Amino acid sequence: MTARPPLQPGATLGIVGGGQLGRMIALAAAPYGLKVHIFAPDADSPAFDVSSERTVAAYDDVAALARFAASVDVVTYEFENIPAEAAEALAAKAPLHPNAAALATTQDRLTEKRFINDLGIETAPFRAVDTPEDLTRALAEIGRPAVLKTRRFGYDGKGQRMIRAEGDADAAAILADFNGAPCILEGFVPFEAEVSVVAARGADGAFAAYDPCANEHRDHILAVTRVPAPGIAPQTEAAAIGIARRIAEALDYVGVLAVEMFLVPQADGPARVVVNEIAPRVHNSGHWTIEGATASQFDQHVRAVCGWPLGDPSRIGGMAVAMHNLIGDDVEAWATILARPGAHLHLYGKGEARPGRKMGHVTELLPKT
Ligand code: AMP
């Protein structure tokens, strides 16, 4: 890694992506006197409300990306589906953190799983699937149930389908729903819980992980995060954090990342950790850290990409924390939540509360029992 001098307060942080994650990174940059320039294609982006400069342009507008990067001191991003050419255009004009290799590795589920396995870390068994013949062969080798996913651009359960028993539709019919997109078939992991490790790695290689948190999904969308993860064994926690650290080091990562994992119960000991996916960015399961940890994930991300020392990831007072997403209509309860003592309400400033849309979240610190 090329050592770069740390940024000075007053410098400008460029963020690609204008959603709630970009908004919360921008809010965390403000106390340090940093300026923020957001690049996003949609003029209504929630992050624009809290940034001093904006560029409205498409993610494949290489000239606009280059102008944006040339006008800031460091570039980061809030989502991983940045095209490779866009990452190149950005990195040519400004330091890009996390680096382009982290993007390339994690935006394709096949590359990502191979990378994780090469580190000696377990994932679900998987096969690349491009044709009905591939799918038939992969199902014979992996067995059912299995999960077919697009290799790229999947999120919140989009671009995936469970293949259950024998007699489920035939391979050609199943693949037809994927419109020819390259896919991956994964064996179904019989998990008892889903956890994630949100962690930061600094430009100097320092590493700081939050306690692993347990994630509950509804309709494939994160609904609740709890930390500490209920019932998790100390060995499993240590194994999960060790995995996140190896991944961050292997990617020469600078910034915050999240590693989503399945915990698989074992007859003879603590649960086994199987990695599902890596998010090369701040993550919804880390929102609890805003009030629940000494330094939030957004603070850590800003510190890391600026080349500054990382903050303290420990939980405030060792308290347990619960974060609930406000999805779609849930947001209508905002006034009630606001009146609840101890509830920290976050609204993302999005217009229409469409079903499945993340409108905000609420965090509560739970008294120790
Ligand atoms: P993903 O888009 O990969 O994060 O998957 C969304 C959700 O689907 C996960 O959080 C799991 O609940 C479930 N899921 C995905 N892949 C598997 C798998 N191989 N085995 C079991 N459940 C899975």
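This is a predicted model, so every value here is computed, not measured. Remember, it's 1-based here, ligands and their atoms both numbered in the order they're listed.
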Student: With respect to atom 15 (C) of ligand 1, which of Glu186, Lys149, Arg109 exhibits the smallest heavy-atom separation?
Tutor: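 Minimum heavy-atom distance to atom 15 (C) of ligand 1 goes to Lys149.
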Student: Angle between ring planes, Phe298 versus His287, binned at 30° and 60°: parallel, tilted or perpendicular?
Tutor: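 Plane angle between 30° and 60°, so tilted.
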Student: Are any of the N/O atoms in Phe262 less than 3.5 Å from those in ligand 1?
Tutor: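 Phe262 vs ligand 1: no N/O contact under 3.5 Å.
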Student: Taking the side chain from Arg246 and the backbone from Leu119, do they hold a donor-acceptor pair closer than 3.5 Å?
Tutor: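 At least one qualifying donor-acceptor pair exists.
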Student: Could you tell me whether Val189 and ligand 1 have an N or O pair separated by under 3.5 Å?
Tutor: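 Right, the criterion is met.
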Student: Could you tell me how the ring of Trp288 sits relative to the ring of Tyr210: parallel (under 30°), tilted (30 to 60°) or perpendicular (over 60°)?
Tutor: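 Plane angle over 60°, so perpendicular.
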Student: Evaluate the criterion side chain to side chain contact (heavy atoms under 4.5 Å, CB included) for residue pair Tyr77 and Tyr59; output intermediate values, then yes/no.
Tutor: CA-CA 11 Å; Tyr77 46 88; Tyr59 293 129; over 6 Å; no
Student: Taking non-hydrogen atoms only, is Asn276 closer than 4.0 angstrom to ligand 1 via side chain, backbone, both or neither?
Tutor: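 For Asn276, the contact with ligand 1 is made by the side chain alone.
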Student: Say whether Pro190 and ligand 1 are in contact under the criterion: heavy-atom distance to a ligand atom below 4.0 Å.
Tutor: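 Pro190 does not count as a contact of ligand 1 under the 4.0 Å cut-off.
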Student: Give the numbers and elements of all ligand 1 atoms closer than 4.0 Å to a heavy atom of His217.
Tutor: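 This gives 10 (O) as the contact atoms.
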Student: Could you name the option among Met162, Glu194, Glu277 that has the heavy atom nearest to atom 11 (C) of ligand 1?
Tutor: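 Residue with the shortest heavy-atom distance to the ligand atom: Glu194.
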Student: Would you please say whether a donor-acceptor pair under 3.5 Å links the side chains of His324 and Glu216?
Tutor: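 Note: His324 and Glu216 side chains miss the donor-acceptor criterion.
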Student: Donor-acceptor pair, Thr294 side chain versus Ser314 backbone, under 3.5 Å?
Tutor: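 Yes.
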